[in-house]
Asker: 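Got a structure here, written out as structure tokens. Questions coming.
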Amino acid sequence: MKELLLALPAGRETRAREFGLVPAHMAYRVGPGPRLLGIQLPQGLRGGLMQVDCAGFDGGGDPVGCCRQILGECRRRSFRGIVCDFEGPPAGCLPRLAEILDRNCAAQGWALYVPEAYAACAPNARVLIPSALTHGTLERRVRAAQERYGRERAALAVEWVREEFPLPARGRGEPIAGEMLEEMLRRLEPAVFFDRGLCAHYFTYMRGPQAHFVLFDTPRSIREKLDLAQRLGVGAALLPGPEVEGNLEEIFGPGA
């Protein structure tokens, strides 16, 4: 795989580079105006990618000035690309912002990553395909994305899932904290299975008359997702740093 990214909270020290991972710094947000908002990073921090979200932004305004700020920060920090961590459907000026960043990143030779909803706005960008599924298979999902966007554009957005669903499972489940999942496993002692199609672990249990389904990831399932992406020729993957960075040895070490 050409590029493995690890999304990290602002300025956090990590062993990512020892395992060939490139940090994507979760320190930036598109705010009202729009303008670039940021958390103070260490003065000497250079390299990696810039990760920008848009939480709470209503999409109003002209994005040109904000794009200048984003591109200027990339030059100042020697970032080699941008991850647009935009949730939900494109709103307001965000499609134009993605279009401007796409054009400028292509001119600079920088990487740009966008969610699927923005794929048409940024034709040069890599398109982030979420790994979380409740039906079908991840392989089918990735192959469909490669056919739609092109083999070089499809990138895997790896999610570390811990979710509970009433059966039959639909959409996204209720998130479960890691401590709660561990407590459930101790208390229920369920039979845990690995679904190769979803590349995730699961178990079922009864809560009163209602059957429940719990889907969760471990270092093994993350490794399986990455192995699948590698086998399918996916060029890049984005990993969730807060969950993954404590498990780098298990995922990428010699015995993995």
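Here, residue 1 is the first one in the sequence, and each next residue gets the next number. Being a predicted model, the structure only gives us computed values, none of them experimental.
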Asker: When you look at Glu182 and Arg187, which way does the salt bridge (charged side-chain N to carboxylate O under 4.0 Å, His left out) test go after all the steps?
Answerer: CA-CA 9 Å; Glu182 290 174 12; Arg187 174 170 50 86; over 6 Å; no
Asker: Do the charged groups of Arg46 and Glu73 touch, with an N to O distance under 4.0 Å?
Answerer: no
Asker: Can you check salt bridge (charged side-chain N to carboxylate O under 4.0 Å, His left out) on Arg126 and Glu152, steps first, answer last?
Answerer: CA-CA 7 Å; Arg126 286 177 169 159; Glu152 288 300 313; 5.2 Å; no
Asker: Is the charged tip of Arg220 near the ring of Phe194: under 6.0 Å from the six-membered ring centre and within 45° of its axis?
Answerer: yes
Asker: Measure from the ring center of Tyr202 to the ring center of Phe216 and say whether it is less than 6.0 Å.
Answerer: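 No, too far apart.
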Asker: Does atom CZ (Arg77) have a neighbourhood of more than 12 heavy atoms from anything else shown, all under 6.0 Å?
Answerer: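 Count over threshold, so yes.
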Asker: Check each of Ile129, Leu156, Leu232, Leu198 against Leu138 using the side chain to side chain contact (heavy atoms under 4.5 Å, CB included) test, and report the only one that passes.
Answerer: Leu156
Asker: So, do Phe193 and Phe203 have ring centers that fall under 6.0 Å from each other?
Answerer: no
Asker: Out of Arg162, Lys225, Glu163, which residue meets the side chain to side chain contact (heavy atoms under 4.5 Å, CB included) rule with Asp217?
Answerer: Lys225
Asker: Quick one: do Tyr113 and Leu101 end up in the same hydrophobic cluster if we chain Ile, Leu, Val, Met, Phe, Trp and Tyr together by side-chain heavy atoms under 4.5 Å apart?
Answerer: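 Per the 4.5 Å side-chain linkage, Tyr113 and Leu101 are not co-clustered.
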Asker: Quick one: do the Thr218 and His201 side chains pair a donor with an acceptor below 3.5 Å?
Answerer: yes
Asker: Could you tell me whether Glu189 atom CD has more than 12 heavy atoms of other residues or ligands within 6.0 Å of it?
Answerer: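 No, the 6.0 Å shell around CD holds no more than 12 heavy atoms from other groups.
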Asker: Tell me which one of Leu238, Val114, Leu5 satisfies side chain to side chain contact (heavy atoms under 4.5 Å, CB included) with Leu128.
Answerer: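 For Leu128, the side chain to side chain contact (heavy atoms under 4.5 Å, CB included) test succeeds with only one of Leu238, Val114, Leu5, which is Leu238.
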Asker: Evaluate the criterion salt bridge (charged side-chain N to carboxylate O under 4.0 Å, His left out) for residue pair Arg223 and Glu250; output intermediate values, then yes/no.
Answerer: CA-CA 9 Å; Arg223 179 70 259 171; Glu250 288 182 79; over 6 Å; no
Asker: If you count every heavy atom of other residues, nucleotides or ligands that lies below 6.0 Å from Glu18 atom CD, does the total exceed 12?
Answerer: yes
Asker: Carefully, step by step, assess His25 and Gln51 under the rule side-chain hydrogen bond (donor to acceptor under 3.5 Å, both in side chains).
Answerer: CA-CA 5 Å; His25 302 286; Gln51 184 157 323; over 6 Å; no
Asker: When you look at Glu116 and Arg141, which way does the salt bridge (charged side-chain N to carboxylate O under 4.0 Å, His left out) test go after all the steps?
Answerer: CA-CA 12 Å; Glu116 266 195 287; Arg141 176 79 177 88; 2.3 Å; yes
